[in-house]
Novice: 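Have a look at the structure that comes next, please.
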Number of protein chains: 2
Amino acid sequence: MTIEKVFGEVLKKKRIESELSQEGLAYISDLDRSFISMLERGKRKPTITTIFRLSSCLNIKPSELIKEVEAKVDSYK
Amino acid sequence: MTIEKVFGEVLKKKRIESELSQEGLAYISDLDRSFISMLERGKRKPTITTIFRLSSCLNIKPSELIKEVEAKVDSYK
DNA sequence: CTGTAGACTTCCGTCGACC
DNA sequence: TGGTCGACGGAAGTCTACA
């Protein structure tokens with residue numbers, strides 16, 4: 001498992017929990033919808049600023065988002 | 001304060017605490033020394049994979065690194 | 001040991017369109 | 001609503017070299 005794939009899974013989960021569509025998240029985060037789609041599918045790797053932006057839109061701390069990613073990455077080892 | 005500037009400050013602090021030179025960190029993380037230099041000065045924004053790579057070299061969890069960044073960012077608000 | 005410059009390759013992130 | 005395609009500008013990250 002790659003970090004970007006796990007990040008995509010976590011992002012999708014958090015987005016669903018916030019009851020947002022990709023389009024809705026794209027709108028409030030001011031990121032492109034196709035980019036959100038690629039992030040969720042692990043086709044793109046976000047920069048630190050993108051991580052912070054998405055986190056605030058999902059009402060979660062960046063460190064908590066990363067923590068979930070790191071826990072999931074560790075579980076694959 | 002921008003996120004990348006704060007990240008650079010935290011990165012430098014952690015590197016010094018690990019008693020590593022930029023060159024040493026570049027070597028073990030397999031990143032370019034000039035890139036490490038620019039990261040520390042906030043001239044570049046790391047992607048999530050770079051954050052994970054640097055964290056493991058600094059013996060810290062990615063989420064803890066981000067946590068310090070987010071705390072410092074918040075302190076400027 | 002660190003900063004920076006330039007030239008380079010790869011990829012982030014945008015945009016419009018279609019399924 | 002989400003996946004994907006192609007084109008694009010700009011930025012991530014490498015490498016050499018010099019102060």
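Bear in mind that the values here come from a model prediction, so they are computed numbers and not experimental data. These values consider heavy atoms only, across backbone and side chains, with no hydrogens, waters or symmetry-generated copies. A, B, ... follow the sequence lines: proteins, then strands. Residue 1 opens every chain.
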Novice: Quick check on DNA chain D: between B:D32 and A:I16, whose nearest nucleotide comes earlier from the 5' end?
Specialist: A:I16
Novice: Among C:dG16, C:dA5, D:dG2, which nucleotide sits nearest the side chain of A:S21?
Specialist: D:dG2
Novice: Please determine whether a side-chain nitrogen of the Lys or Arg among B:K72 and B:E9 lies less than 4.0 Å from a carboxylate oxygen of the Asp or Glu.
Specialist: yes
Novice: Answer yes when B:R15 and B:E40 have at least one side-chain N-carboxylate O distance shorter than 4.0 Å, and no when they do not.
Specialist: yes
Novice: For B:R33, which contact category applies under a 4.0 Å heavy-atom criterion: base, sugar-phosphate, or nothing?
Specialist: base
Novice: So what does B:T50 hit on the nucleic acid, given a heavy-atom distance under 4.0 Å: a base, only sugar-phosphate, or nothing?
Specialist: sugar-phosphate
Novice: With heavy atoms under 4.0 Å as the rule, sort B:R15 into base, sugar-phosphate or nothing.
Specialist: sugar-phosphate
Novice: Counting only side-chain heavy atoms from C-beta out, which of C:dT2, D:dC15, C:dG13 sits nearest to B:Q22?
Specialist: C:dT2
Novice: Rounded to whole Å, how long is the line connecting atom CG of A:L11 with atom P of D:dG2?
Specialist: 12 Å
Novice: What is the distance, to the nearest angstrom, from the CG atom on A:L39 to the C1' atom on D:dG2?
Specialist: 14 Å
Novice: Quick check: do B:T49 and A:E4 have side-chain heavy atoms less than 4.5 Å from each other?
Specialist: yes
Novice: Just call it for B:S37: base, sugar-phosphate, or nothing, with non-hydrogen atoms closer than 4.0 Å on any strand.
Specialist: base
Novice: Side chain of A:F35 only, please: which of C:dG13, C:dC1, D:dG13 is the nearest?
Specialist: C:dG13
Novice: Output the single nucleotide from C:dC12, D:dC5, C:dG13 whose closest atom is nearest the side chain of A:S34.
Specialist: D:dC5
Novice: Check whether any side-chain heavy atom of A:E70 sits under 4.5 Å from a side-chain heavy atom of A:I3, and report yes or no.
Specialist: no
Novice: What is the distance from CD of A:E23 to C1' of D:dT4, rounded to the nearest Å?
Specialist: 16 Å
Novice: Whole Å only: how far is the CD atom of A:E4 from the P atom of C:dT10?
Specialist: 17 Å
Novice: Decide, yes or no, whether a salt bridge links A:E68 with A:K13 under the criterion of side-chain N to carboxylate O below 4.0 Å.
Specialist: yes
Novice: Write down the distance between CG (A:L31) and C1' (C:dT14), rounded to a whole number of angstrom.
Specialist: 10 Å
Novice: For A:M38 and D:dG6, give me the distance from atom CE to atom C1', rounded to whole Å.
Specialist: 11 Å
Novice: Does a nitrogen or oxygen in the side chain of A:R44 sit under 4.0 Å from OP1 or OP2 of C:dC11?
Specialist: no
Novice: Using heavy atoms to find the nearest nucleotide of DNA chain C for A:D30 and B:K43 separately, return the residue whose nucleotide is more 5′.
Specialist: B:K43
Novice: How many Å lie between CZ on A:R53 and C1' on C:dT14, as a whole number?
Specialist: 11 Å
Novice: In whole angstroms, how far is the P atom of D:dA12 from the CD1 atom of B:I51?
Specialist: 12 Å
Novice: Assign A:T47 to base, sugar-phosphate, or nothing according to its heavy-atom contacts below 4.0 angstrom with the strands shown.
Specialist: sugar-phosphate
